[in-house]
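I have placed the structure first, in the form of structure tokens, so that the comments after it can refer back to it.
Predicted model, so just to flag it, every value in this text is computed and none were measured. For reference, positions follow the sequence shown, starting with 1.
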Amino acid sequence: VKLMFTPAEEYEVPGCGILVANGIMDDVDCAIALHVVARMNVGEFEMTDEDIGSNSQGFKVRFYGKSAHAVGQHDGKDAIMLALETMLAMEMMISKEINVSKPRVLNFGSIHGGNTNNIICDHCTMFASARTFTDESSQYILDRMKFGRSHYWEGCSLRIWLNEEFLTSAFSAEEQA
């Protein structure tokens, strides 16, 4: 019997991948998973043959715009606004595009960008997580982040990382690395 506890299961780099890479599963023939369930009381457990555990993907999205002084906003491209537009579009996608029979959750946990009140932000980073029950739904969420925007975003770019692995860029070809 080997007891395994997964550290950082919902972070950008999940702890289970690190454990597996370090050989924790090498001598394991069968694994039984337990997880905290918010609707259950301490000491209770449940067994079922239904799906109760979902894919959990933590991802980081970086947005690149163009800095300018607030008085000259027309000369800048606000990366924070690009992040917010993406966030709202993704929330709309979750509620309007994916079949309701395919459970999914998308959470935007943090957004960081800008340095002061009078400068248009030229870059920001958003951290999010998606929970789905199928690889197809997970991939759909990632693919939808690259959809087109209004002409305002010409010259801006977006880059997506999943578990510290660079996945893709969208918009401008200038920010590909």
Side-chain angles (χ1 to χ4, degrees), residues 6-18 21 36 38 54-177:
T6 304
E9 66 169 290
E10 295 183 21
Y11 289 156
E12 185 181 352
V13 179
C16 60
I18 296 167
V36 174
S54 59
N55 297 329
S56 178
Q57 297 177 310
F59 53 94
K60 171 174 53 181
V61 185
R62 289 192 180 146
F63 300 88
Y64 299 89
K66 180 182 174 192
S67 186
H69 192 278
V71 85
Q73 292 190 29
H74 57 283
D75 293 325
K77 302 287 184 178
D78 193 334
I80 292 175
M81 293 303 294
L82 177 56
L84 293 176
E85 182 177 321
T86 300
M87 185 174 134
L88 290 172
M90 295 303 292
E91 290 290 351
M92 177 76 77
M93 177 267 305
I94 285 291
S95 66
K96 302 296 184 189
E97 292 180 22
I98 297 178
N99 187 316
V100 296
S101 68
K102 297 179 179 175
R104 70 277 181 217
V105 172
L106 183 61
N107 182 63
F108 296 94
S110 71
I111 183 169
H112 304 273
N115 294 311
T116 190
N117 65 319
N118 64 342
I119 301 296
I120 302 298
C121 177
D122 67 342
H123 68 278
C124 72
T125 303
M126 181 167 58
F127 294 90
S129 62
R131 287 184 170 272
T132 63
F133 282 92
T134 66
D135 291 340
E136 177 186 56
S137 291
S138 296
Q139 190 61 50
Y140 184 81
I141 288 171
L142 290 171
D143 289 345
R144 280 294 280 119
M145 284 192 180
K146 298 187 332 179
F147 67 92
R149 303 278 192 298
S150 66
H151 70 281
Y152 176 81
W153 303 117
E154 290 173 11
C156 298
S157 66
L158 165 149
R159 293 190 266 172
I160 303 170
W161 283 260
L162 176 64
N163 301 333
E164 288 292 312
E165 179 182 333
F166 176 71
L167 291 180
T168 188
S169 291
F171 312 161
S172 168
E174 300 167 9
E175 296 283 352
Q176 294 291 321

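At least one donor-acceptor pair closer than 3.5 Å links the side chain of Lys66 to the backbone N or O of Asp75. Distance alone, capped at 3.5 Å, is enough to place a donor-acceptor pair between the Arg104 side chain and the Ile94 backbone. Side-chain atoms of Thr134 come within 3.5 Å of backbone atoms of Ser137 as a donor-acceptor pair (strictly under, hydrogens ignored).
To the nearest 0.5 angstrom, Tyr140 atom OH is 13.5 Å from Thr132 atom OG1.
Between Ala79 and Gly65, the closest heavy-atom pair is CB-N, 4.0 Å. The two residues Gly114 and Cys121 come nearest to each other via the heavy atoms N-SG, 3.1 Å.
Each of Ile80, Leu82, Asp78 was compared with Phe63 under the side-chain contact (heavy atoms from CB on, under 4.5 Å) criterion, and only Leu82 meets it.
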Please evaluate residues Met87 and Met126 with respect to the criterion side chain to side chain contact (heavy atoms under 4.5 Å, CB included), reporting the C-alpha separation (whole Å), side-chain torsions for both, the decisive distance (0.1 Å), and the verdict.
CA-CA 9 Å; Met87 185 174 134; Met126 181 167 58; 4.3 Å; yes

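Partners of Ser110 by side-chain hydrogen bond (donor to acceptor under 3.5 Å, both in side chains), not counting sequence neighbours, listed by chain and number: His112. With sequence neighbours left out, Thr125 forms a side-chain hydrogen bond (donor to acceptor under 3.5 Å, both in side chains) with no residue at all. Annotation: side-chain hydrogen bond (donor to acceptor under 3.5 Å, both in side chains) contacts of Gln139 (sequence neighbours excluded): Asp143.
Considering only heavy atoms from C-beta on, Ile120 stays 4.5 Å or farther from Lys77 through its side chain. Residues Met90 and Phe108 have side chains in contact (heavy-atom distance under 4.5 Å, counting atoms from C-beta outward). Side-chain contact between Ile141 and Met93: present, with at least one pair of heavy atoms (C-beta onward) separated by less than 4.5 Å.
Counted within 6.0 Å of CG on Asn118, heavy atoms from surrounding residues, nucleotides or ligands total more than 12; the atom is thus considered enclosed.
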